[in-house]
Number of protein chains: 2
Amino acid sequence: MATLAEVARLAGVTAATVSNVLRGRGKVGEETRARVLDTIQRVGYRPHLMARALAEGRPPTIALMVTSIANPFYPEFALAAERAARRQGQFLLICNTDEDPEIGRAYFNQISGTLAQGMLVMNSRLDVASLRGEKHAAPVVLCMWERPDQPPELPCVAVDFFAAAVLATDHLLTLGHRRISAIVGSEVTGIHAARFEGFQAAMRTAGVPLSDSDVMFTVDSIQGGYVAAQALLRAEPRPTAIFATNDLPALGAISAATDMGLSVPRDISIIGITDIQLARESRPALTSVAIPTVAAADLAVALLSELVLFGDAIPNKMRVAPPPVLMPRDTTGPCATRSV
Amino acid sequence: MATLAEVARLAGVTAATVSNVLRGRGKVGEETRARVLDTIQRVGYRPHLMARALAEGRPPTIALMVTSIANPFYPEFALAAERAARRQGQFLLICNTDEDPEIGRAYFNQISGTLAQGMLVMNSRLDVASLRGEKHAAPVVLCMWERPDQPPELPCVAVDFFAAAVLATDHLLTLGHRRISAIVGSEVTGIHAARFEGFQAAMRTAGVPLSDSDVMFTVDSIQGGYVAAQALLRAEPRPTAIFATNDLPALGAISAATDMGLSVPRDISIIGITDIQLARESRPALTSVAIPTVAAADLAVALLSELVLFGDAIPNKMRVAPPPVLMPRDTTGPCATRSV
DNA sequence: GTGAAAGCGCTAACAA
DNA sequence: TTGTTAGCGCTTTCAC
């Protein structure tokens, strides 16, 4: 592969000049520039990104750390992050921690600052806990922080999941539902805590009582939602609506209801949060509260860049993504039993 | 951040020695090694991967080029590829081409050989066409090549999709189905051609006639399958089974059938190919032919490494992944009308 | 405008 | 066993 030096030699100039031409820095004579450009074309020169990174003291890469890129929501975020990175001439490294904090740390130690100029970390309690207090070689941005009102110690992009849950719950309440059960896709104090609190708050505000048996904590998956919904739907009297803290459990709840011979939304309304692609595409299309995934990714990449350029000195280390938006679809409808 | 030189100075040795300690090369005195190790610990030294890459002439990264990481199958492959890469101390770069060949080329030109030591390219006609005949700076491996019997001009990992389709079709035939329609998730000569041929071959072998109206070509998505199935199911007499070249259209077909008041699998059996996570998790669980995703990813990463190390000289540039496996689940059952 | 020179942090012969 | 010496390919002052 042709190098800068070669191009310089062939063009009868010095490496510095070629470099200047390449990046439009410094003054270069029109004729010289043309000759250099021509030579570059001719030999098919391409700058060596690693060498450039070494010289510039900063790699053209940012890393995205997730538990598993195969988890349904992450690819959508990753896609948006990659596009945002690409727009700035950066490349995206994917780091799957496989739920193993050791792997997360290893990734961090290896690439932070040496292969990636910064790290985007998906908001998982594990990661946050292990990152907090660490002295970092390169900036970190927590993505999808769930509480804009409670900034973490690390830079972050916050999405108001509390508001999302309120939006979802109010939608159900507006439709006349009063017996509303909830499926929470994490343990009590887990990552969906803000959403659960939003649900509780909305119910409280509406003056609708809520008992412990109306809530199931489970894993954030279709299966988890399926099982939880089965339990919830066996209650007497049966709930007329189910609020799920995420789309996957909501999707599972639909299956559970259908399998029990219930019609969605006639017998039971179901709503989720996030609005993943699958929510839109599956039948019946899931009513959900859309999280601004793309905007959050953009903000995250931008914030990371700022941190890289200006260091920890920047004033506001939390960016708040646009508010969630209700996406009414086919799984929610007016409460039937109400008119009874 | 501490550098090798600093560590060397503090440990009272030279950089070469520290380097040797770090990589277990050369002979280093026990005492010296201990002192160096200690210093490394003390100052929290971490090797600079970019610098190392420059010196070694090869970056510790491989790139995965896909049209969009958010396409349901890719994340599963990407996860497997990342794990395989990680096992060899490599990092995975994600490149979304967004279906745009220009972006694909740009990625290629920029990072091939300079930021990534090799490229994994998902088998899309576009990419293959544009890569063929190019002089490459770094090795390329085509992933998920669909015809083990027709090796491409580039190194590749092949998965026998023809066999997968035969497996799926035979499953339907064995269940007694004769009126079988097909949903092909690509244009006629597209990426699913081998699967469609497998379907045709199996039908022919079984002596079951097939007319043009029994086949719909559509896009590889739930929606695509939904629409195609609607058309197919309106035929008289109605098919008793649908073969889809991919899981997503198969999932869409289930919804279409259900929406038309048909019961799956009582009224209509549906089978897909790939066995994506969603196929297992959605209800009813989709019968599918599992593609060896993990094995293919492992083979791809291994082949790429070989190409990087030994160049184009290696004898066999095609690796064939293990055969597909039928995964009978809840969407296929015996043909009811047969006993009529 | 263009060139010379000094690195960026690390590896890899080859000496000692 | 350890040190010396060259780079890897590029950027970036600072002279000319």
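Naming convention: chains lettered A, B, ... in sequence-line order (proteins, then strands); numbering from 1 in each chain.
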Euclidean distance, atom [atom1] of residue [X] to atom [atom2] of [N] [Å, nearest integer]:
X         : N       : atom1 : atom2 : result
His48(A)  : dT11(D) : NE2   : P     : 12 Å
Leu115(A) : dG9(C)  : CG    : P     : 16 Å
Met50(A)  : dC10(C) : CE    : C1'   : 13 Å
Arg25(A)  : dC10(D) : CZ    : C1'   : 12 Å

At their closest point, which heavy atom of [X] faces which heavy atom of [Y], and how far apart are they?
X         : Y         : result
Tyr45(A)  : Leu22(A)  : CE2-CD2, 3.5 Å
Pro139(B) : Leu304(B) : O-CD1, 3.6 Å
Ala300(A) : Phe77(A)  : CB-CZ, 4.5 Å
Ile314(A) : Leu303(A) : CD1-CD1, 3.8 Å
Cys156(B) : Pro152(B) : SG-CD, 3.5 Å

Salt bridge (charged side-chain N to carboxylate O under 4.0 Å, His left out) contacts touching residues 70-97 of chain B (sequence neighbours left out) =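 Output for this query lists Asp98(A)-Arg83(B), Asp98(A)-Arg86(B), Glu82(B)-Arg86(B), Arg87(B)-Asp298(B).
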
Using atom types as modelled and distance alone, determine if a side-chain donor or acceptor of Ser68(A) lies under 3.5 Å from a backbone N or O of Ala70(A).
->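 Yes, because the side chain of Ser68(A) sits within donor-acceptor range (under 3.5 Å) of the backbone of Ala70(A).
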
Thr3(A) side chain to Glu6(A) backbone, donor-acceptor under 3.5 Å =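 Checked: pair present.
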
Collect all protein-nucleotide pairs involving nucleotides 14-16 of chain C in which both atoms are nitrogen or oxygen and the distance is under 3.5 Å.
none

Considering only heavy atoms from C-beta outward, does the side chain of Thr114(B) approach that of Arg46(A) to under 4.5 Å?
->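 In short, these two side chains touch, coming nearer than 4.5 Å.
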
Decide if atom CZ of Arg58(B) counts as having more than 12 heavy atoms of other residues, nucleotides or ligands within a radius under 6.0 Å.
->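 For Arg58(B), atom CZ is not crowded (no more than 12 foreign heavy atoms under 6.0 Å).
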
Nucleic acid contacts - residues 29-37 of chain B versus DNA chain D, non-hydrogen atoms under 4.0 Å =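 Heavy-atom contacts with DNA chain D come from Gly29(B), Thr32(B).
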
Where along residues 51-59 of chain B does a heavy atom come under 4.0 Å from DNA chain D, residue by residue in number order?
->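 When residues 51-59 of chain B is checked for heavy atoms under 4.0 Å from DNA chain D, the hits, listed by number, are Leu54(B), Ala55(B).
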
Inter-residue atom distance Ile94(B).CD1 - Leu79(A).CG, 0.5 Å rounding |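 Rounded to the nearest 0.5 Å, the CD1-CG separation comes out at 10.5 Å.
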
Do you see a donor-acceptor pair shorter than 3.5 Å between the side chains of Gln88(A) and Ser305(A)?
->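 The answer is yes; a qualifying pair exists.
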
Assess whether side-chain contact (heavy atoms from CB on, under 4.5 Å) is satisfied between Leu307(B) and Val141(B), documenting all intermediate values.
-> CA-CA 9 Å; Leu307(B) 288 165; Val141(B) 169; 3.8 Å; yes

Flag the pair Arg319(A) and Glu306(A) as a salt bridge only when some basic side-chain nitrogen lies within less than 4.0 angstrom of an acidic carboxylate oxygen.
->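 A salt bridge links Arg319(A) with Glu306(A).
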
Salt-bridge present (Glu30(B), Arg35(B); N to O < 4.0 Å) |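 Not counted as a salt bridge, because no side-chain N and carboxylate O are separated by less than 4.0 Å.
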
Distance check: side-chain N/O of Arg23(A) vs OP1/OP2 of dC10(D), anything under 4.0 Å?
->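 No, no such contact exists.
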
Considering only heavy atoms, which members of residues 2-22 of chain A lie under 4.0 Å from some atom of DNA chain C?
->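 Output list: Gly12(A), Val13(A), Thr14(A), Ala16(A), Thr17(A).
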
Give every pair of a protein N or O atom and an N or O atom of nucleotides 14-16 of chain D that lie under 3.5 Å apart, one pair per line with the distance.
none

